[in-house]
Each structure stands twice: as structure tokens, then as C-alpha cells.
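Some notes on the structure that comes next.
Proteins come first, then strands; the chains are lettered A, B, ... in the order of their sequence lines, and each starts at number 1.
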There are 2 protein chains.
Amino acid sequence: MDTPEISSGAQKVLDAAQELFAEEGFASVSVAAIADKAQVSKANIYHHFESKDKLYSAVLKAACSASAEMITMNAGQNDNYADQLSHFAKSHVLHLTDNPLISSLVIRGLLEESSNIDSPTNDLTANDFDCNFNRLVTLIKAGQEAGQLKKQCHPAAFATLMIGANILFMKARNVLGEVPDNEYPLDPEDFASTMIDILLHGVLTDQQEDNLL
Amino acid sequence: MDTPEISSGAQKVLDAAQELFAEEGFASVSVAAIADKAQVSKANIYHHFESKDKLYSAVLKAACSASAEMITMNAGQNDNYADQLSHFAKSHVLHLTDNPLISSLVIRGLLEESSNIDSPTNDLTANDFDCNFNRLVTLIKAGQEAGQLKKQCHPAAFATLMIGANILFMKARNVLGEVPDNEYPLDPEDFASTMIDILLHGVLTDQQEDNLL
DNA sequence: ATGCAAACTGAACGTTCGGTCAGCCGGTAT
DNA sequence: ATACCGGCTGACCGAACGTTCAGTTTGCAT
């Protein structure tokens, strides 16, 4: 489409901007700081990008396309929906933890209100998020129609559970060190399988389940 | 303790600052904008607060204490842990949706890196978050010891699921309008009960559960 | 060698930022 | 009346901001 043929110099700027924007947000990062990090002059940034806003959009666009690319290779098309959900959860949480910069940018774009930045920026992250979210929703619906997942499970609520948990896991790993006397599962794969176990089978003991009938 | 007797003028400033900081973040909001919104002069803000950083800390401190106060009235001490979890989920999600400003501030403080703002600020939100998180964790452990919740359920992972889902629900309600042909559950209480149903019983059909044995 | 466009820069622009200061109010104790 | 003090303000400051521009360097086609 409209790939504006990123030069090597522009790429240095993009990389530096990505890191800084992901870590501190749009408003906290000055163009001078980006220039410093990229080891170019401030004016050079304006040679490649027409404004700070447009640079941010470019960073976000790159992050979103990288994000989409990484999650596309999911597939695994088998007819066991428990496996498919498990696979989705694992690859999603690994995507978040392996690419914290990209993920932080997308999440930041999602959670920030419409703000001052022009609308295309917001639509970008929203679309990227919807993409993952909707793929999970359709996966659940398919599982329901195959009779493997409960009909009364609201697909969007389930997707919110899984994706919300993964995001919190990724963002709060550093903050949650001090859970009392029970170590937090720091390994993403461990977390994903623990989470999937809960989501598939619930947390009630069998005895409690029986009492309900 | 050290309640610095907030005057009515200072309260106007705090209210305006809370709203703006919650909506746009620390760096995006200028002291002049806060003064405009509070209908006071910029110098007046510096009469009540010694710097923008300190004002932000004050706003965050107020938000955290309001948050703690609101969730403390949970209790309900009954011996049915399914009910207790359900009650926790409902009051938590209602707290988030009813007080979006306070919640946004705490979440923002949590998700932002150590940043430039002095450390007490970060500790503040982290403590508030830990408070909720740990209360949920101990609730789950109690349920496990009572034999009502599965022993292999990792308490911290469960807490991450529930709290992460609630946060995403609250923050993404406006973004998630377009889930295809299945309306998103916009009512917080509906969402909480749907979520709890999944967490307690899992999403696998009974027939699928039997196949695993 | 010459030309030319693109990559790049130092220095400056006007604006906005966080923060300061001298001074004006209105009440209140002397 | 006077002194005083907290609440409050307009005018101002230096620094940092995003942005521009004239001009230099680089690389490549001729």
C-alpha cells in the first residue's frame, strides 16, 4: 500500500521514539529526548516526520502491524476447543511479555481517552485490539456450536477475562512481587496454563458443584 | 494523622486536578489548565500546593484513600465462598465504574513506570492495588482451606483474572461497542455475574469434562 | 568533475511550561 | 485605628517546548 520507504535514519528515530513513548507516554517525551536517544539532531526528526503527532502515529502504526503479524500465526486448526483456547492464551501472553514496548503502546493507546491526538491514531489501536478480541470471540462461538463450550458463557465476557488478565499480568509483574508468602507466577507460560485451567474447569470443588443441584 | 485541613479553595483545585489528571495523565495537563477548570488563578494553586508534583501526589492520595474506604465495606462474612467471591467481584466492578476518575488515577499510577515523579507517588498506588489484590488472595486461600475451592487453583492467578477483567471491562466499555452481532454486556452487574459464573464453573460442557477422565 | 536531491545540522523562532513575587483583599484580634 | 494573616491575584521569569530555516554534507547519476 503506502509504505513510505523507511530509510535507515528514519528507522533509528522510530526505534528511539517507540521505546520512549512506550515507557513514558506521548506528552512526557520531548522531541529533543528522542533525538538524543536516536543520536541525530532534533531537526533531522522533522526532516523524516512532519510533526511530533505524526511521528507518534507512525510509531503506533508500526507497533500495531507488528502486533497483528505476530498473532496471525495462530491457526493450529484442530477440533479441540480447549486446546485452541489454551494455545490462544499462551501465544497472547507470550506476545505481551516478549514485546513489552509494542504492547505498552497499544494498551496505552487503548486506555487513553480520545485526547488531543488526531482520531486516526485512536482508531489504529482500537482496530488492533478489536482484531484480537474478535478472533477470540469467534473462537468461543465456534466452540459453543461444536457443543464443547457452555452455551450460557457470554463470549465477550470470556474474552474480556482472558485478555484483561493477560494485560494485567504483563503490566503488573514488577509491582506484584510482594504477594504474601505465595510467590507470584512469574513465568508467562505457567500463568497462561494456570489461567486456562481455571477458565475451563472453574474453581469450585466437585463436591461444591454437586451441592448446587 | 496528618490531615492538612483542606480549605474550600484547595478542594476546588483538587477536584479540577483529579478530573484532568485522570482523563489525560500527569504530563499532558498544565497547571494553567487546572487553574482554568477550578476558576482560580495559577498562582493560587502554588499557594495551596508547593509544586505540580505535590499536587499530583495529593490528588492520588485522596483517590487512594477514597478507593480503600469504598472497598473496605465488603465483609459479608458468610461461609459460602462462592457468594463471597461473587460479592467481591460485583462491588469491585461497581467501584470501578461508579468512580471512573479515582479508578483511572490508580490504574494509571500502577501501569506507568517509575517515571520522573518521586517514589512516594508510585508506592501509594501500588499499596492501594496490593490491598485489594491481597484481600482477594486471602479470600481464595480461605475458600481452599474450607474445601470449597480447588487446591490447585493458584490464588494470585485467580486474582489477576478477576481484577484484570474488571479493569479491562471498565476501561474498554466505550471501545468495545462493535463486537460483531453479539452485544457487549454493558451493565457492570451483568458482567460481574457472567464472569463469576465462568470462574466458578468453567466453560467446558459437562460432556467435555467427562471425556477427560 | 559536475549537478542534484536527499540526509542532515546549528541556531534560532515564538509559545507554553512550571514556578515566583509583590501586593491586594477581608476578617479578626489587639 | 492598627497590625496581622491566610486567601488570592496579575505580572513576570527562565527554561523547555515544538517547529522552522538557511545552509552543509553525503551519495549517486551523469
Whole angstrom value for the distance that separates [atom2] of [N] from [atom1] of [X]:
| X | N | atom1 | atom2 | value |
| --- | --- | --- | --- | --- |
| Asp53(B) | dC17(C) | CG | C1' | 13 Å |
| Leu20(A) | dG18(D) | CG | P | 12 Å |
| Ile34(B) | dG19(C) | CD1 | P | 11 Å |
| His48(B) | dG18(C) | NE2 | P | 18 Å |
| Tyr56(A) | dC17(D) | OH | C1' | 18 Å |
| Ile45(A) | dC17(D) | CD1 | P | 12 Å |
| Phe49(A) | dA7(C) | CZ | C1' | 13 Å |
| Leu14(A) | dA7(C) | CG | C1' | 16 Å |

Short side-chain N/O contact from [X] to OP1 or OP2 of [N], under 4.0 Å:
| X | N | answer |
| --- | --- | --- |
| His47(B) | dC8(D) | no |
| Ser30(A) | dA16(D) | no |
| Tyr46(B) | dG19(C) | yes |
| Asn44(B) | dT9(D) | yes |

Look up atom CZ in Phe133(B) and atom OG1 in Thr160(B), then write down how far apart they are to the nearest 0.5 Å.
3.5 Å
Looking for any heavy atom pair under 4.0 Å, which part of the strands does Val29(B) touch: base, sugar-phosphate only, or nothing?
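If one applies the 4.0 Å heavy-atom cut-off, Val29(B) turns out to touch the sugar-phosphate alone, with no base involved.
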Considering non-hydrogen atoms only, spot the tightest contact between Gln144(B) and Lys151(B) and give its length.
O-NZ, 2.9 Å
On DNA chain D, does the nearest nucleotide to Ala27(A) precede the nearest nucleotide to Ala43(A) from the 5' side, or the other way round? Give the residue.
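Closer to the 5' end of DNA chain D: Ala27(A).
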Can a donor-acceptor pair under 3.5 Å be found between the side-chain atoms of Lys42(B) and the base atoms of dG19(C)?
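Flag set: donor-acceptor pair detected.
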What nucleotide, of dT9(D), dG18(C), dC8(C), holds the atom closest to the side chain of Ser41(B)?
dT9(D)
Among dT20(C), dG18(D), dG19(C), the nucleotide that comes nearest once only the side chain of Lys52(A) is considered
dG18(D)
Lys NZ or Arg CZ of Lys52(A) over Phe26(A) ring: under 6.0 Å, within 45°:
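The answer is yes; both the distance and angle limits are met.
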Would you please classify the geometry between the Phe88(A) ring and the His92(A) ring as parallel, tilted or perpendicular, with 30° and 60° separating the classes?
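Judged by the thresholds at 30° and 60°, the geometry between His92(A) and Phe88(A) is parallel.
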Classify the angle between the aromatic ring planes of Phe169(A) and Phe191(A) as parallel (below 30°), tilted (30 to 60°) or perpendicular (above 60°).
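It falls in the parallel class, under 30°.
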